[in-house]
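Please read the structure below before turning to the comments.
Both ligands and their constituent atoms are indexed starting at 1 by order of listing.
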Amino acid sequence: MTAERQIYLDNAATTAVLPEVVQAMLPYFTQEYGNPSSLYELGQRARSAISDARERIAAHIGARGQDIYFTSGGTEADNWALKETAFAYRDKGKHIITTSTEHHAISHSCEWLEKRGFEVTYLPVDTDGLVSPAGFEAAIRDDTTLASIIFANNEIGTIQPVRELAAIARARGVVFHTDAVQAIGHVAIDVEELGVDLLAASGHKFHGPKGVGFLYIRKGIKTRSFLDGGAQERKRRASTENVPSIIGMAKALDIAMANFDARVAHETALRDRLIERVLNEVEHVRLNGHRDQRLGGNANFSFEFVEGESLLLSLEQKGILGSSGSACASGSLDPSHVLLAIGLPHEIAHGSLRLTIGEETTVEDIDYTVEAIKQVVGQLRQMSPLYEDFVAGKKPLSAVR
Ligand SMILES: *Cc1c(COP(=O)(O)O)cnc(C)c1O
C-alpha cells in the first residue's frame with residue numbers, strides 16, 4: 001500500500017542527492033570523462049577537478065588536501081583504517097581498542113583482525129551510549145597500537161567525547177581512528193583541534209552520491225595500501241578515481257557546511273519537538289541515546305509491548321519511513337548490538353524505532369508523525385497479549401525509564 005504522503009525520516013540510512021550535486025556531477029559522465037591518469041588535457045582536467053575537490057573537502061575538516069584519500073564509501077574507509085593500520089604497526093603490538101557500539105564496518109573488521117591474531121578490547125558504554133575516557137585510558141596497554149571510536153552513533157545518535165579520547169590516545173602513543181560517517185556535515189569537525197589520526201566519511205550521508213567516501217590519514221601515520229594496482233591516491237589506493245562521485249561529494253559537503261548552523265538548528269528543534277511530544281504523549285516509552293549530546297536529527301525510542309517491525313510497517317502505510325532497532329536487513333531477528341550495549345533487555349530493544357530528520361523535514365511532518373505513532377502504538381498494544389497481561393496486572397513492568 002502506498003500512502004499519499006511520504007515523510008522520509010531515515011536520513012541516517014541515506015539521503016537524497018541534492019539537485020545541485022547532480023548538476024555538478026553530470027559533465028564528468030559525458031564531456032569530462034577523461035581518466036585522471038591520462039596525460040592529455042581531457043585527463044588532466046579530470047585530475048585537476050578531483051584535486052580541487054580534495055582541497056575543498058580537506059578545508060572543511062581542517063586537514064591538508066594530501067591527507068584525504070578517496071574510497072568507495074564509509075565501509076572501505078573504516079576497513080582500511082582498521083585492518084591496514086593494525087598490520088602496519090603489528091611489530092609494535094597486537095592490541096586494539098574499540099567500543100561495543102560501533103557500526104559493523106568497524107566491529108566486523110575487528111572480528112576479522114581477531115581471527116588473524118590481534119586482540120581487541122570492546123569498551124562498554126553507559127546507558128546513554130557514552131564511553132568513559134577513564135575506562136579508555138585504563139584499557140590501554142603497552143602493546144596497544146590502535147583505537148577506533150565512533151564519532152556519532154548511527155542508531156542512537158550519541159556523540160562521543162572524541163577530543164578527550166584522542167588526547168588520551170596520543171599521550172600514550174596509540175593511533176586514533178574515528179568513524180565520522182554520521183558526524184560529518186552534522187557536527188563541526190576539525191582534525192587538528194580534535195587530534196584524531198584517521199577519520200572515515202561517506203558521501204551519501206550528507207546528500208552526496210552513494211559509493212564514495214574518504215579516509216583522512218594524518219601525515220606520519222603508518223598504514224598499508226588497501227588496494228594494490230595503479231599509483232592512484234599517492235599509491236595508497238589503486239583504481240581509477242570515481243571522478244563524478246568525488247566531485248558530487250565535495251559539492252554536497254560545500255553545501256552542508258555553507259548552511260551548517262541554520263540546518264543543524266532546524267533539525268535539532270524538530271528533533272526536540274518529536275522527542276518531547278512522544279515522551280509526553282505516549283505511555284511506556286523511553287528515549288535511547290544521550291538526551292542532548294546527540295546528533296541534531298536523531299530520535300530513537302523503545303516502545304514497550306510493541307514489535308519494532310510491525311510498528312515500521314504500520315507507519316509506512318501512513319507514508320512515514322523510519323528504521324527499527326533490529327538487524328532485519330541481515331535476516332536475523334537479533335536486536336541491535338547498540339541497544340543491548342546500552343543495557344536494554346531484548347524485548348524492549350525489539351520495540352525500537354529510529355527516526356532521523358533532515359533539512360527538508362517540517363513541523364507538520366513531525367506533528368503528523370507523532371499522531372501516527374500514538375495511533376499505531378495504541379493499535380499494536382491492543383493486539384499484544386503481553387500488554388493485555390500488563391493491563392490485567394499480571395506482569396510487572398520491565399525497567400522503563
Ligand atoms: C553508513 C555508515 C557506514 C558505512 O558507510 P557506507 O558509505 O554506506 O559504506 C559506516 N559507519 C557509519 C557510522 C555509518 O552510518
What atoms of ligand 1 come closer than 4.0 angstrom to any heavy atom of [X]?
{"X": "His204", "result": "6 (P), 7 (O), 8 (O)"}
{"X": "Val181", "result": "1 (C), 2 (C), 3 (C), 10 (C), 11 (N), 12 (C), 14 (C), 15 (O)"}
{"X": "Gly73", "result": "7 (O)"}
{"X": "Ile150", "result": "13 (C)"}
{"X": "Asp78", "result": "10 (C), 11 (N)"}

Below 4.0 Å, non-hydrogen atoms only: which portion of [X] touches ligand 1? Side chain, backbone, both or neither.
{"X": "Lys205", "answer": "side chain"}
{"X": "Asn153", "answer": "neither"}
{"X": "Asp179", "answer": "side chain"}
{"X": "Ile106", "answer": "neither"}
{"X": "Glu76", "answer": "neither"}

Is there a donor in the side chain of [X] and an acceptor in the side chain of [Y], or the other way round, less than 3.5 Å apart?
{"X": "Glu102", "Y": "Thr99", "value": "yes"}
{"X": "Asn11", "Y": "Glu267", "value": "no"}
{"X": "Asn79", "Y": "Ser109", "value": "yes"}
{"X": "Thr362", "Y": "Asp365", "value": "yes"}
{"X": "Asp142", "Y": "His95", "value": "no"}
{"X": "Ser324", "Y": "Glu309", "value": "yes"}
{"X": "Tyr69", "Y": "Arg236", "value": "yes"}

Q.
If I apply the N/O under 3.5 Å rule, does Gly74 come out as touching ligand 1?
A. yes
(Q) Within a 6.0 Å radius of atom CZ on Arg224, are there more than 12 heavy atoms belonging to other residues, nucleotides or ligands? (A) yes
Give the residue, atom name and distance (to 0.1 Å) of the protein heavy atom nearest [atom].
{"atom": "atom 9 (O) of ligand 1", "value": "Thr75 OG1, 2.5 Å"}
{"atom": "atom 12 (C) of ligand 1", "value": "His103 CD2, 3.3 Å"}
{"atom": "atom 7 (O) of ligand 1", "value": "Ser202 OG, 2.6 Å"}

Q.
Check whether Ser38 reaches the backbone of Gly43 with its side chain - one donor and one acceptor, N or O, closer than 3.5 Å.
A.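 Side chain of Ser38 to backbone of Gly43: no pair is present.
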